[in-house]
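These notes are about the structure you will find just below.
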There are 2 protein chains.
Amino acid sequence: MRRNRAAAFPIGDHVLRKLGIFVHLDATHLAELDRLLSETMSVDSLHDIVTEGESCKHLFLLTRGWAVRYKLLSDGRRQILGFIIPGDFFGLRATLFDVADDTVQSLTDCTVCRIPGEDFVAVLRDHPRLGMAIVWSIVREYSVLAEHLVSLGRRSALERTAHLLMELLNRLQLVRLAGERDFELPLTQEILADALGLSIVHVNRTLRRLRQQGLIRLDPQSRWIIIDRPDDLAEIADFSPLYLDQGTPPADSLLKAIRSQH
Amino acid sequence: MRRNRAAAFPIGDHVLRKLGIFVHLDATHLAELDRLLSETMSVDSLHDIVTEGESCKHLFLLTRGWAVRYKLLSDGRRQILGFIIPGDFFGLRATLFDVADDTVQSLTDCTVCRIPGEDFVAVLRDHPRLGMAIVWSIVREYSVLAEHLVSLGRRSALERTAHLLMELLNRLQLVRLAGERDFELPLTQEILADALGLSIVHVNRTLRRLRQQGLIRLDPQSRWIIIDRPDDLAEIADFSPLYLDQGTPPADSLLKAIRSQH
DNA sequence: GCCCGGCATTAAACTATGTTAACGATCCGG
DNA sequence: CCGGATCGTTAACATAGTTTAATGCCGGGC
């Protein structure tokens, strides 16, 4: 299995891919985006980048590695709200409200671009089309969260796990970090458990079932997963990728209206 | 028990209360809001106002009654994402993306204001402060959804139910539809089950436990609930109301920037 | 006044998931 | 090369939650 597919693509490429889904971006936008993303930083694994309850003055873009967004109960139980992969923004709500309502933690070594809140505001003003593309990409998070909620509420452990794997496959493919049916999955079973609302042991059992049914192959050493029968997995999960890329671009009228402000 | 507390307050009053949390609104805004909300309509109970997968060209504001936002699995299982109560907006994401990713259904007779998408865009342009207040109020939905997700993933049936009741108490108080510790709860146990990710039978058992512990009183006939010991209920639920009203107003710089667009 | 449909309630049997505990593999630092 | 830490794996047992089914209450139509 090959690693580091990401290295074959320049930073920013997968971001454009994602943003371009919503809005056509021209050369000016690309240049502006390059400027915006000039301040990159490396983050060690297991480091809190945004902390629940604290203030946060920056918008972030993850360009390498994995992170999670989670909340804790007072007795230490943890629920992971969602995974953040390259091309995902985070920290906007925290910046707007001056307080984060969840914690973002790196799971691996990561690279993030930090965009000062004021700079983002400036982009919204001077390059509304680009700014809006970023906003859409963040608003879309809501759909992912909603589908995750459905999983926790109404899908069995098997269905839920299958659904998460299909979601990750689709999202990673969008930024070219997954092949047709395989990708690197740098998650321990404990992390999966916290995301799926299950115990570690049951995650283990569930993955075993998926393996035994020939649906997936999973090598814990290499942290690589092969989804042998994605269609069957999708059927088990009642997975439909629509919620991920809500194809239609946002009402162009809104863009025009905002651009033409006096 | 008195009913129809709402009737004692003019439409728009609780909305202002909510919007005012974020941004100070002056007389101009109030007048504008009045105009914006001029088109009201009545909706029967159990009517789909926004349908998953369909287009939707309006932003809605619920001013009377209850509604839910839900998604269905292909075998008919239903998960309720959240409750919509007077003062809540819905339909914005659907309008922006030209497609709704969940269904909004009335649970009781409702009154809604329908705001054509273009009008909202115009407000964003001409009264950015008001427009942004509406946007904040919608963004805040994300926090509620996240907390709901934590409930489904990591709270027991008892904790989860307690948490939902506390959330509703707090949200209804904000729009003066709840007293110090009581409110009308026009939900069947089936609806609660679909929201809590539980079976009907287990919801019944759980409510009984809460009743027997002297935490709540619930009369299914009158659909009225009294929360006798809100503090204990909050403790069981690990409930903290912070996520509901994220006190700090949004970065004023953003408002200024948008207002000063040329 | 009667019947019917929707909802709440309960019990009993069942199942999915959690808990505890043990063991094995791999990696890493000394 | 050893010893400890982390993670994955499994089995046996405990429990929370589901399913099925039966009963009762209430309100509405006729």
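The shown structure was predicted, so the numbers you read here are calculated from the model rather than taken from an experiment. Naming: A, B, ... by sequence-line order, numbering from 1 per chain. Reckoned from all heavy atoms, side chains included, excluding hydrogens, waters and symmetry mates.
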Need one value for B/T188: base, sugar-phosphate or nothing, where a base atom within 4.0 Å counts as base even if backbone is also close, heavy atoms only. sugar-phosphate
Under a 4.0 Å threshold between the charged nitrogen and the carboxylate oxygen, would B/R114 count as salt-bridged to B/E39? yes
Judged by modelled atom types alone, do B/R160 and B/H163 share a side-chain donor-acceptor pair under 3.5 Å? no
Return the value, rounded to whole Å, for the distance between atom CD of B/E159 and atom P of D/dG17. 9 Å
If I take atom CG in residue A/L185 and atom P in nucleotide D/dG8, what distance separates them, rounded to the nearest angstrom? 10 Å
Measure from NZ or CZ of A/R93 to the centre of the six-membered ring of B/Y142 and say whether it is under 6.0 Å with the direction within 45° of the ring axis. yes
Pick the nucleotide of DNA chain D nearest each of A/E190 and A/R154; which residue has the one closer to the 5' end? A/E190
I'd like to know if A/D194 and B/R154 make a salt bridge, using a cut-off of under 4.0 Å between side-chain N and carboxylate O. yes
From CG of A/N204 across to P of D/dT6 the rounded distance in Å is 19 Å
A/H202 atom NE2 is separated from D/dA14 atom P, nearest whole Å, by 19 Å
Under 4.0 Å: is that the gap between some side-chain N or O of A/R205 and OP1 or OP2 of D/dA12? no
Is A/R211 near enough to D/dG8 that one of its side-chain N or O atoms lies under 4.0 angstrom from OP1 or OP2? no
Does any non-hydrogen side-chain atom of A/R64 lie less than 4.5 Å from one of A/D109? yes
To the nearest Å, give me how far apart CZ (B/R223) and P (D/dC26) are. 14 Å
Here the pair of heavy atoms bringing A/Y70 nearest to A/D102 is O-CB, 3.6 Å
Rounded to the nearest Å, what distance is computed from the CG atom of residue A/L207 to the P atom of nucleotide D/dG8? 9 Å
Could you give the start and end, 5' to 3', of the contact zone on DNA chain C for chain B, using atoms under 4.0 Å from its heavy atoms? C/dC7 to C/dA12
So does A/R77 pair up with B/D238, basic N to acidic O under 4.0 Å? no
Spacing between A/R209 atom CZ and D/dG8 atom P, to the nearest angstrom: 20 Å
Rounding to a whole Å, what distance do you find between A/L198:CG and D/dG8:C1'? 16 Å
